[in-house]
Amino acid sequence: MLAEVEARTGPLLKVEPAKEGFNSEIAARLFTETGSVYVKGLRADHPRVWTQRREAEVNPYLRGIAPVLRWRIEWEEWDLLGFEALDGHHADYAPGSPDVPKVARLLVRLGEVPCPGVELRHAEQRLERYAAQPDDLAFFAGDALLHTDLNNANVLVGETAQLVDWAWATRGAAWLDAGYWVIWLMAAGGHSPESAESWASKVPAWLDAPKEGITAFAVANANVWEEIGGAEPDPWTARLVTASKTWAAYRRTA
């Protein structure tokens, strides 16, 4: 496999494993004489290997939103993606952070990207088991391209902010990414529901979202994270369980 990679990059000088990320079996920055590239990969028999194809197919539509995909290797038992390596830091979601307005502008730019005609799961499908009422699913349907994982580790900030890890790219209502961001602003940044929603309101699509739909989305995500967390969630997941439940409770009284 090394020979296949070096055929595209030239000889490797250094490999720096990624410190963040949970979805890839291989995730590292590769340094060469001509620069660096970020590589992520899964075994060909991994149950989520389809996410590699999804990232490859959606990437050409994300110029200025996400790192450019330089190459893909499907070789024997591995599927690898090689992206341009961005300089920058993971977003700081804390109140008052200069990163937060940059992320808001990123979501505005994403909202201007037409959803490509590639195979994507639909938001209402992903949330079907978690909605409080079957009729709630209609709120989540739409034709917008969504990232759906606004984990601050998936946002790299320099002069602007860009989104990495498009494994869970989805088609749905245009305001949903702002809703996912609300949960992460609370869980990773310590925002109150009011503060998080005030930042979501910087995204034009959020202003058109029905109040009942936002509430239904908050409740569905509280159910998602409660299931993920289980009886004894790890500290990282526990913060998301708490944030999603807090937001759902706030929405029920808003």
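This structure is a prediction, so every number in the text was calculated from the model and none was measured.
Its side chain within the 4.5 Å cluster rule, Leu156 clusters with Leu86, Val164 among the Ile, Leu, Val, Met, Phe, Trp and Tyr residues. Other cluster members for Trp168: Trp50, joined by side-chain heavy-atom distances under 4.5 Å among Ile, Leu, Val, Met, Phe, Trp and Tyr.
Considering only residues two or more places apart in sequence or on other chains, Asn59 meets the side chain to side chain donor-acceptor pair (under 3.5 Å) condition with Arg63. Contacts of Glu57 classified as side chain to side chain donor-acceptor pair (under 3.5 Å), with partners at least two apart in sequence or in another chain: none. Residues passing the side chain to side chain donor-acceptor pair (under 3.5 Å) test with His191 are Ser195, sequence neighbours excluded.
Using a cut-off of 4.0 Å between Lys/Arg side-chain N and Asp/Glu carboxylate O, Asp79 and Arg43 are scored as not salt-bridged. Between Glu197 and Arg251 a salt bridge is recorded (basic side-chain N to carboxylate O distance below 4.0 Å).
The two residues Met186 and Pro193 make their nearest non-hydrogen contact at CE-CG, 3.7 Å.
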Please tabulate, for the side chains in residues 100-116, all donor-acceptor contacts under 3.5 angstrom to protein atoms that are two or more places apart in sequence or on a different chain.
residue, atom, partner, partner atom, Å
Lys102, NZ, Gly158, O, 2.7
Arg109, NH2, Gly64, O, 3.2
Arg109, NH2, Ala161, O, 2.8

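Within a 6.0 Å radius of CD in Glu25, more than 12 heavy atoms belonging to other residues, nucleotides or ligands are found. For Glu232, the CD atom sits in a loose shell: 12 or fewer heavy atoms of surrounding residues, nucleotides or ligands are nearer than 6.0 Å.
With hydrogens and angles left out, the side-chain atoms of Tyr250 and Glu194 include no donor and acceptor closer than 3.5 Å. For the residue pair Arg126 and Thr148, a side-chain donor N or O sits within less than 3.5 Å of a side-chain acceptor on the partner. Residues Ser36 and Arg29 bring a donor and an acceptor atom of their side chains to less than 3.5 Å of each other.
Taken to the nearest 0.5 Å, the CG atom of Leu30 stands 10.0 Å off from the CD atom of Glu16. Once rounded to the nearest 0.5 Å, the distance linking CZ of Phe140 with CH2 of Trp175 reads 6.0 Å.
Ser97 contributes no side-chain N or O that, together with a main-chain N or O of Tyr93, makes up a donor-acceptor pair within less than 3.5 Å.
Using the six-membered ring where Trp is involved, His147 and Trp166 have ring planes that are perpendicular, over 60° apart on the 30 and 60° scheme.
Of the candidates Arg48, Arg72, Lys40, Lys40 is the only one forming a salt bridge (charged side-chain N to carboxylate O under 4.0 Å, His left out) with Glu55.
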